[in-house]
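So the structure is just underneath, and the comments pick up after that.
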Amino acid sequence: MVRKNNQDQKGQPTPAAPAPSTTEPTEPAEPIPEPKPPVQVFYCAVCTFPVEYCEFGSSLSKCKEWLKDVRVDLYERFYSEDALQAKIGTMSLEAQSKLEKDAVEKEAKADAKADAALKKKLASQITIKRIERNKRKHVTAIHGLEAFGVDLKKAAKQFASKFATGASVTKNAQGLEEIVVQGDVGDEVFELIEKQVGVLKGIPPDNVEFVEDKKKKSEGA
Amino acid sequence: MFKRFSLSSDVSGQTPVKSSIQRSIRNAVLSQWKIESSTLEVLWPKKEALTHVKCKDHLSIYAVQGEPIFFQHSDGPIYPTLRVLHRYPFILPAVKVDRGAIRFLLAGASMMCPGLTSAGGYLPPDDTPLEAGVPVAIFTEGKEHAAAIGITKLSTIEMRKVNKGVGVEPITYLGDEFWAIKTV
């Protein structure tokens, strides 16, 4: 308790420290400079830019739709006829039309890219590999989870606690990251993916394939 | 600077910053930015520990509660992140580019002098000039918020006089890979 009191007392005089606010002429001169409130910026949920910059992003039509849904007043401010007229400002008409054309092109490109990424995602395989350590001991390597947006570290943690064994994220021979779980748990991992447990949500079980990797006898020699 | 940047490949480690070093960073921020200590206190409370995110190529990002607040390249000036600048737009001196330059700016291009000196642009008047190598907030014609943070390559007087070539080089801008990082 004593300590807390101390801190409170210490904390109070700090806002009264000097730094007179000369930069803001609009504010009346105050004896104690209050912390200036932050500017509230309204960001677009689609392209993450401040909404006024949506027109320069790669998803203008989607941004427009979204803004119309959430904030009609802002939509009117940025995309009504008057606003469009005023916006052109000092730019030549030619440059403006080029900008608009660019925006459309950019959007088409971004869409195509997103499509390709989605296709690739759906096509990517997850391999569950059983690797023999010695005669009756195995580890299971799970590869390809990251394509589905799974945080590998979290997934490894989940496997570790689920199977009560060690699980880690390691780089394999190709330099790609995979999860290595101790013990022969391939079937159980597949079950977890089928049930979509925890972080494994959204992984299609059809894309999972099993591989067995046996230690060759000649390897040691 | 952040054209190629990702948390998984470029970050080499995160460490809490010693309180004595925090103090010196705080003083550096207060002297470099136009910010009062009471305002900085809201952004970065004294009780909150600062995290130093060390990245490759001598880049340091400093974060409070997982949110990047500012960054620094080796011993260079301390830049706020763009999101912080949006909240406190007065901490850096402002320049403005005309509307034609916005799309190039958002692609990471250097800002040429004519874009700053034209009717839609803005440079501080000659009686309060900026030197070369000063961090600035790059605002844009007809927009309320800053689009980028840059560093001047010429003094503003020279920009007006020469009116050619690179005037301001962007460090981080809307939509680059650093903008995409919201938490570390």
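Letters A, B, ... are given to chains in the order of the sequence lines, protein chains preceding strands, and every chain is numbered from 1.
Under the side-chain contact (heavy atoms from CB on, under 4.5 Å) criterion, I151(B) pairs with Y79(B), K153(B), E169(B), I171(B), sequence neighbours left out.
For Q65(B), the CD atom is loosely surrounded, since the number of other residues' heavy atoms within 6.0 Å does not exceed 12. More than 12 heavy-atom neighbours from other residues, nucleotides or ligands sit within 6.0 angstrom of CD on E209(A). No more than 12 heavy atoms of other residues, nucleotides or ligands sit less than 6.0 Å from atom CG of D75(B).
The CZ atom of F49(A) lies 10.0 Å from the NE2 atom of H86(B); values are rounded to the nearest 0.5 Å. Rounded to the nearest 0.5 angstrom, H145(B) NE2 and Y43(A) OH are separated by 7.5 Å. To the nearest 0.5 angstrom, Y173(B) atom OH is 14.5 Å from Y53(A) atom OH.
Among the candidates T140(B), L43(B), L40(B), L30(B), the residue making the largest number of heavy-atom pairs closer than 4.5 Å to chain A is T140(B).
Between V42(B) and P37(A) the shortest side-chain heavy-atom distance does not fall below 4.5 Å.
Of all non-hydrogen atoms in K182(B) and T48(A), the two that sit nearest each other are NZ-CG2, 3.7 Å. In plain terms, the two heavy atoms of F56(A) and L106(B) that are nearest each other are CB-CD1, 3.4 Å.
Salt-bridge formation is not detected for the pair E55(A)/R103(B): no Lys NZ or Arg NE/NH1/NH2 atom is positioned less than 4.0 Å from an Asp or Glu carboxylate oxygen.
Between the K36(A) side chain and the Y88(B) main chain, no donor and acceptor come within less than 3.5 Å of each other.
Within residues 107-117 of chain B, no residue has any heavy atom less than 4.5 Å from a heavy atom of chain A.
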